[in-house]
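On a predicted model such as this, the values are computed, not experimentally measured, just so you know. Nothing fancy with the numbering, it's 1 onward along the sequence.
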Amino acid sequence: MSGGPGLESLVDQTISVITNDGRNIVGVLKGFDQATNIILDESHERVYSTKEGVQQLVLGLYIIRGDNISVVGELDEELDAHLDLSKLRAHPLKPVIH
């Protein structure tokens with residue numbers, strides 16, 4: 001596999017992806033290509049709100065086009081497991097403007 005710098009070290013690890021339209025998708029990185037299209041398994045979208053806790057929408061096996069990715073980051077699974085997402089409030093991210 002070849003692609004974005006550093007993605008090789010994240011294969012089979014849980015990552016968080018912020019898309020250009022402001023979505024936050026969390027899943028296990030299974031693969032990627034030279035255009036940084038990525039394949040996530042066991043994925044879910046985290047939907048943030050200022051009125052209620054974070055909703056997690058199950059996506060399962062999911063492909064994200066490289067041109068729709070703003071940020072890819074490693075997720076600290078231990079820290080993430082201790083978060084009470086039902087009590088977390090935040091404004092949804094706004095779309096990235098190029």
Side-chain angles (χ1 to χ4, degrees):
M1 279 184 253
S2 63
L7 287 180
E8 295 91 357
S9 65
L10 297 176
V11 172
D12 291 325
Q13 293 190 39
T14 302
I15 62 169
S16 177
V17 178
I18 306 296
T19 62
N20 291 339
D21 59 359
R23 298 188 314 151
N24 180 2
I25 300 172
V26 175
V28 178
L29 179 63
K30 288 300 182 183
F32 60 92
D33 64 12
Q34 67 277 5
T36 319
N37 298 311
I38 64 171
I39 302 169
L40 296 177
D41 196 12
E42 303 172 29
S43 66
H44 59 275
E45 179 180 355
R46 292 184 175 172
V47 181
Y48 293 87
S49 167
T50 57
K51 297 181 184 354
E52 56 187 55
V54 178
Q55 291 182 319
Q56 297 196 81
L57 308 175
V58 176
L59 303 172
L61 187 63
Y62 201 72
I63 298 173
I64 305 173
R65 288 178 47 114
D67 60 0
N68 192 33
I69 295 173
S70 289
V71 179
V72 174
E74 185 176 7
L75 193 75
D76 184 333
E77 292 183 65
E78 185 178 330
L79 179 64
D80 192 61
H82 287 92
L83 293 176
D84 185 354
L85 296 176
S86 68
K87 294 182 180 175
L88 187 64
R89 306 288 189 271
H91 287 280
L93 293 174
K94 295 181 180 178
V96 174
I97 299 172
H98 296 281

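Inter-residue side-chain proximity for Val17 and Asn24 is flagged as unmet; no heavy-atom pair is nearer than 4.5 Å. Looking only at side-chain heavy atoms (C-beta outward), Leu88 and Tyr48 come within less than 4.5 Å of each other. When side chains are defined from C-beta on, Glu8 counts as touching Phe32, because their heavy atoms get closer than 4.5 Å. Contact check for Thr19 versus Ile69: no side-chain heavy atoms found under the 4.5 Å cut-off. A 4.5 Å side-chain heavy-atom check between Gln56 and Glu45 finds every atom pair outside the cut-off. Two residues are said to be in side-chain contact when any heavy atoms from C-beta on lie closer than 4.5 Å; Ile18 and Arg23 fail this criterion. Counting heavy atoms from C-beta outward, Asn37 and Ile64 have side chains that stay 4.5 Å or more apart.
Donor-acceptor pairing under 3.5 Å is recorded for the side chains of Asn20 and Ser70.
The hydrophobic clustering, which links ILVMFWY residues whose side-chain heavy atoms are closer than 4.5 Å, places Ile39 and Leu7 apart. Linking Ile, Leu, Val, Met, Phe, Trp and Tyr residues whenever their side-chain heavy atoms come within less than 4.5 Å leaves Leu79 and Leu75 in two separate clusters.
In terms of heavy atoms, Leu40 sits closest to Ser43 at CB-CB, 4.0 Å. Asn68 and Asp21 get closest at one heavy-atom pair: OD1-N, 4.2 Å. Of all heavy-atom pairs spanning Asp67 and Arg65, the tightest one is OD2-NH2, 2.8 Å.
Heavy-atom neighbours of Arg89 CZ from other residues, nucleotides or ligands within 6.0 Å: above the threshold of 12.
The one candidate from Ile25, Val26, Ile38 that meets the side chain to side chain contact (heavy atoms under 4.5 Å, CB included) condition with Ile15 is Ile38.
Of the charged side-chain nitrogens involved, at least one lies within less than 4.0 Å of a carboxylate oxygen, so that Arg46 and Asp80 count as a salt-bridged pair.
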So Lys30 and Asp12, side-chain contact (heavy atoms from CB on, under 4.5 Å) or not? Walk me through it. CA-CA 6 Å; Lys30 288 300 182 183; Asp12 291 325; 3.0 Å; yes
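One distance of note links CG of Leu61 with CD of Glu42; it measures 10.0 Å at 0.5 Å rounding.
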